[in-house]
Amino acid sequence: MSFQINTFEAYQEAYQKSLEDPKAFWGEIAEHFFWKRKWSNVLEYNFKDPDIRWFEGGKLNITENCLDRHIYNLGDKPAIIWEPNDPQEAHRVLTYKQLLAKVEQFAVVLKNNNIRKGDRVCIYLPMVPELVIATLACARIGAIHSVVFGGFSATSIADRINDAECKLVITSDGGFRGNKVLELKNIVDDALVQCKSVERVIVLTRSRTPVSMIKGRDVWWEDEIKNVETQGNPACPAEEMDSEDPLFILYTSGSTGTPKGVVHTTAGYMVYTGYTFSNVFQYQPNEVYFCTADIGWITGHSYIVYGPLSQGATSLMFEGIPTYPDAGRFWDIVEKHKVNILYTAPTAIRSLMAFGDEYVDNKDLSSIKKLGSVGEPINEEAWHWFSEKIGKGNAPIADTWWQTENGGILIAPMAGVSPTIPGYAMLPLPGVQPCLMDENGKEIEGNDVTGNLCIKFPWPGMLRTTWGDHERCQKTYFSTYENMYFTGDGCYRSKEGYYRITGRVDDVLNVSGHRIGTAEVENAINMHSDVVESAVVGYPHPVKGQGIYAYVIANHHRDEEGTKQDILKTVTRLIGAIAKPDIIQFVSDLPKTRSGKIMRRILRKIAEGDTSSFGDTSTLLDPSVVEKIVEGAEAQK
Ligand code: 6R9
C-alpha cells in the first residue's frame, strides 16, 4: 500500500479529506514511514506566535527512513547516481547499501570530531556524493546541518556560520564547475578569520587545489575515514530524534536585512517531502530521477536528497553546469543514464533554448516520461519548448510552486494525473489551503481574481522558526495577515480555479531562480568607499527571469567604468557572483518622497524601459530627478 494517488478523482477525494479532517489525513500518510515510537498527536498549532508542532511524541530518525528501511528490498538499487563535471571522468553509483555504509562511517567521523546531537555543522561542498553523505551523516547523529551554496563568498559563509554558531565546517580543497575551479577551502579560510565557534574543518580531496591545512583545526576527510577503518568500521545506530527536533537550517533572502536561517524539523519535513515527491512526480519503482538543482538550495535538500531517498528512488546528481562542455550536456546525461524524470528550472530551459535545437535534436531522449519546473514563473515559450523538444509532446510538465520556507511543493499538477496549462502551477496538493488576500487584509473569494498568496492552514513541511530570532519569523510570515502564512508572492486564480504565480510582491528578486533581497545588494554596493547611496530593482531578463538593476550615487575616484567594476567586485566579495548587478546606472539623485522614502515603483518602470507613465508622482520631493534618471537610462542603452 502506498500513499501515491494515481487518478484525478482520487486527488479530489484526498484533497477533500485533507480539508475535512487534516489530522486523520496526515496521520494516515505518516503511517507509511518508520517510527521508533509513534506520535501521540498529529498537530498542535497557532499562527499567532507561531507555534507549529506535527507528530508530537513521535521518535524517529530521518536517515533510517531514507536508508535502513530500504536495505532489505532495495539494498542493491542505486540510491545516488553521480555524474561528474567532466564527461571523461567516470560516473559513480552508490546503492542504498553502499550509501548507508558511507553515511554510518562518516557519522562516526563526526562523532570522533566531537560533534553531538544539536550541534550545528556548516557544509560547503561541491556537488559530489560526499555532500549527500555529509548531510545524511549529520542527520544520523542529530547534528543540525547548514548547507551553504558553493557560489557564496567568504563573508556570506562567515555570516551564516556565526549566526548558527557552527562547530564544524565540511568543505573540499576545490570544486569543478564548467572549466572553472572554485577554491572552496581557501574561501572557507577567509571566512574563518571572522568565526570563533568553529573548532574543526574537515577537507575532502576533489580538485587537488593547494590549500593551507591549519594544525589542530583542519583535517583531511580521507584520513578521518582511515581512522574509522582502523577502529574496525563500527556501526553508527541512528540517534533517536523527537519529531520536532531541528533537522537543518537553510539561509534564504528576504526583503530586509541579512538572510535568515529557515529552520526545518524532522518528522513533518520527512513526511511532507516524501509524500510530495511520490505524488508530484508519480515515481515508479525503477525510474531514474534527475533534479538539476544544487543541494545548496532547498530544491536540492528536498528533491535530490530527502524526498527521493525516503521513497527508495534513484536520484541522479550532477556536479557541473548545463553548458559544459556544451549546451547539450543535460541531454547527454539523460541519454547516458536513461533518465525518466527531469526536474529543472526555467532559467536553464531558456538558456539552453537560446543555444538552438541542434544540441537536442540528435540526442535520444526517449526515456523521458515526466518533467518538472521550479524556482520562478515559467514563460509560455520555454514551457512549450520544454514540452515539445524534451518531452516530445507526451511528457507531462509539473510546474511546481513552493519556497525554502515551505519545505516541499505546495501548488503543482501531479504529473500525468492533473490537467496542465503553460505558466500555471494549477492546483494545491492535498493538505494545502491557499487563499488570495487583498491590501486591506480581506480574503478575495471566487475565481478570476488576483491577490497576495497566503496559506490558511499548516502543512507538515512548513518552517517552524528562523534560527535565533523567532520574532523575525513571526513578523515576516505571520503578521501581514492574521492567522495566515504570507508567501510574499502575487497570484492569479483563473475562472476554473487554477493558480498562476505572478511573482514576488516584496523586495525579493528572483535571478536565475535564486532568491536575492534588494536590500542585501544595496548594502553590499553601499560598502564601496565611493558610493553615497544606491537603489536596486529587478527588471525582466530574457534568460535569468529577472536581472539586477542598480541606481548608484557615487563620487568617482576612478573613471566610471573603473568604479563600476569595483562595485561589481565589492558585491562579489560580500555576497557572491550571483548577486552582481547586470546594469549599474550612475545617478546624481534618487526619486524620494517628502518623507525620504525611495519610490522604487518609478525606478522599476525605468529599469523595465517603460517610461510612458509613472502614475501618481505628487508625493515626490523633486520630480526633475526622474527626468534626469530617464535621460541617463536612455543614454546608457
Ligand atoms: C523552491 C524555491 C521561492 C520563490 C517563490 C516564488 C518563486 C518558485 C515557482 C516560483 C513561479 C514557480 N517560485 N517556484 N514562481 N512558479 N513554479 O524556488 O524556493 O528559492 O525559496 O524561492 O521562487 O517567487 O516565492 P526559493
Side-chain angles (χ1 to χ4, degrees), residues 147-149 151-152 248-255 259-264 269 272-273 276-277 280 291-304 306-307 343-350 371-380 382-383 386 397-413 415 420-429 432 434 452-455 461-463 466 476-477 480 485-492 498-518 520 538 540 544-546 578-579:
V147 181
V148 176
F149 172 62
F152 280 117
F248 67 84
I249 307 170
L250 186 57
Y251 286 84
T252 191
S253 295
S255 49
K260 39 188 176 279
V262 168
V263 176
H264 285 289
Y269 178 81
Y272 197 71
T273 52
T276 51
F277 171 77
V280 171
C291 167
T292 69
D294 191 290
I295 294 175
W297 308 112
I298 191 68
T299 304
H301 280 63
S302 302
Y303 297 111
I304 294 178
Y306 290 111
Y343 190 27
T344 191
T347 186
I349 299 169
R350 285 191 299 263
L371 298 170
S373 170
V374 61
E376 48 177 322
I378 182 166
N379 49 310
E380 282 200 29
W383 196 98
F386 198 34
I397 298 178
D399 177 1
T400 64
W401 172 83
W402 60 296
Q403 315 173 291
T404 304
E405 296 85 344
N406 307 156
I409 299 164
L410 294 189
I411 307 182
T420 60
I421 300 171
Y424 279 76
M426 301 304 288
L427 293 167
L429 295 178
V432 177
N452 288 345
L453 180 61
C454 289
I455 315 288
M462 73 188 299
L463 87 164
T466 45
T476 312
Y477 308 106
T480 317
Y485 165 83
F486 176 44
T487 65
D489 278 312
C491 184
Y492 167 70
Y498 299 138
Y499 290 84
R500 176 193 179 95
I501 312 300
T502 51
R504 302 285 307 196
V505 293
D506 53 11
D507 290 319
V508 172
L509 306 180
N510 195 323
V511 181
S512 298
H514 301 152
R515 258 169 86 167
I516 300 168
T518 53
E520 252 180 284
K544 298 177 173 185
Q546 267 188 314
I578 52 171

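Hydrogens, waters and symmetry mates are skipped; everything else that's a heavy atom, side chains included, is used. Residue numbers start at 1 and run along the sequence shown. Small disclaimer: the values here were computed from a predicted structure and weren't measured. Start at 1 and go down the list; that is how both ligands and their atoms are numbered.
Only the side chain of Asp489 comes within 4.0 Å of ligand 1, judged by heavy-atom distances. Residue contacts with ligand 1, taken as heavy atom pairs separated by less than 4.0 Å, involve Thr400 solely via the backbone atoms N, CA, C and O. The residue Ile378 has no part lying near ligand 1, judged by heavy-atom distances below 4.0 Å. Contacts of Thr299 with ligand 1, taken as heavy-atom pairs under 4.0 Å, involve the side chain alone.
Expressed to the nearest 0.5 Å, how far CZ of Arg515 lies from CD1 of Ile298 amounts to 10.0 Å. Atom CG in Asp399 sits 9.5 Å away from atom OG1 in Thr420 (nearest 0.5 Å). The structure places CD of Gln546 at 10.5 Å from OG of Ser512, a figure rounded to the nearest 0.5 Å.
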**Item:** Pair Glu376-Arg350, salt bridge (charged side-chain N to carboxylate O under 4.0 Å, His left out): steps then yes or no
**Value:** CA-CA 12 Å; Glu376 48 177 322; Arg350 285 191 299 263; 2.9 Å; yes

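Not a single heavy atom of Ala425 sits closer than 4.0 Å to an atom of ligand 1.
Nearest protein heavy-atom contact of atom 22 (O) of ligand 1 is Arg515 CD, 3.2 Å. Scanning the protein heavy atoms around atom 21 (O) of ligand 1, the nearest turns out to be Thr404 OG1, 2.5 Å. The protein heavy-atom contact nearest to atom 2 (C) of ligand 1 is Trp402 O, 3.6 Å. Of the protein's heavy atoms, Pro377 N, 3.1 Å lies nearest to atom 11 (C) of ligand 1. In this structure, the protein non-hydrogen atom closest to atom 18 (O) of ligand 1 is Gly375 CA, 3.4 Å.
Between the side chains of Tyr303 and Thr400, no donor N or O sits under 3.5 Å from an acceptor N or O.
Ranked by closest heavy atom to atom 16 (N) of ligand 1, the top entry among Glu405, His514, Glu376, Gln546 is Glu376.
Numbered from 1 in the order shown, with element, the atoms of ligand 1 that lie under 4.0 Å from a heavy atom of Val374 read 1 (C). Taking every heavy atom of Asn510 and a limit of under 4.0 angstrom, the matching atoms of ligand 1 come to 7 (C), 23 (O). Close approach of ligand 1 to Ile298 (heavy-atom distance below 4.0 Å) involves ligand atoms 1 (C), 19 (O). Shown in contact with Ile501 at under 4.0 Å from a heavy atom are these atoms of ligand 1, numbered in order with element: 11 (C), 15 (N).
When all heavy atoms are compared, the tightest approach of Phe486 to Thr480 is CD2-OG1, 3.5 Å.
In this structure, Tyr499 contributes its side chain and Leu453 its backbone to no donor-acceptor pair below 3.5 Å. Side-chain atoms of Ser302 do not come within 3.5 Å of backbone N or O of Thr299 as any donor-acceptor pair. His264 contributes a side-chain N or O that, together with a main-chain N or O of Gly461, makes up a donor-acceptor pair within less than 3.5 Å.
Proximity of Tyr306 to Phe277: side-chain heavy atoms (C-beta onward) are nowhere separated by under 4.5 Å.
Inclusion of Gln403 in the set of residues having an N or O under 3.5 Å from an N or O of ligand 1 is warranted. Ligand 1 has a nitrogen or oxygen under 3.5 angstrom from a nitrogen or oxygen of Asp399.
Applying the salt bridge (Lys or Arg N to Asp or Glu O under 4.0 Å) test to every pair with at least one member in residues 291-303, sequence neighbours left out, gives no pairs at all.
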